[in-house]
Amino acid sequence: MNFISIIRLPDFVTKKDFDWAISEAKKKQDFSKVEFFTYDEGACVQCMHIGSYDNEPATVEDMHKFVMDQ
């Protein structure tokens with residue numbers, strides 16, 4: 001498997017801002033593998049689970065049902 005780590009940037013951060021930040025950071029570390037790109041993951045669901053981890057499967061199931069009903 002191959003994985004990448006993605007950090008969401010606020011919409012107001014532009015490629016120009018990104019390039020400036022990389023040029024400044026390069027002075028201290030190698031950022032040659034860092035890139036700026038847009039990723040469209042489509043519709044998604046998120047929920048803040050409050051309570052015990054023992055009850056978390058029920059929350060995930062509720063999210064799944066919600067998606068299937070859309």
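All residue numbers in this chain count up from 1 along the given sequence.
Applying the 6.0 Å contact sphere to CZ of Phe31 captures more than 12 heavy atoms from other residues, nucleotides or ligands. Within 6.0 Å of NZ on Lys15 lie more than 12 heavy atoms contributed by other residues, nucleotides or ligands. The number of heavy atoms from other shown groups lying within 6.0 Å of CZ (Phe37) is above 12.
Judged by distance alone, with hydrogens and angles left aside, the side-chain atoms of Asp17 form a donor-acceptor pair with the main-chain N or O of Thr14 at under 3.5 Å.
Within the 4.5 Å cutoff, the side chain of Ser52 has heavy atoms near those of the Asn55 side chain.
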*asked:* I'd like to know whether Asp11 forms a side-chain contact (heavy atoms from CB on, under 4.5 Å) with Arg8, so could you lay out the CA-CA distance, the side-chain angles of the two residues, the decisive distance to 0.1 Å, and finally the verdict.
replied: CA-CA 9 Å; Asp11 292 336; Arg8 187 189 183 289; 3.4 Å; yes
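One finds the CG atom of Asp62 at 10.5 Å from the NE2 atom of His49 (value rounded to the nearest 0.5 Å).
With hydrophobic clusters built from ILVMFWY side chains whose heavy atoms lie under 4.5 angstrom apart, Phe36 shares a cluster with Phe12. Criterion: ILVMFWY side-chain heavy atoms under 4.5 Å apart, direct or through other members. Under it, Leu9 and Ile22 are part of a common hydrophobic cluster. Under the 4.5 Å side-chain heavy-atom criterion for ILVMFWY residues, no single connected hydrophobic cluster contains both Ile4 and Val34.
Taking all atoms of both residues into account, the shortest heavy-atom contact from Met63 to Gln46 is CE-CA, 4.1 Å.
The pair Lys65-Asp69 does not count as a salt bridge, with every side-chain nitrogen at least 4.0 angstrom from each carboxylate oxygen.
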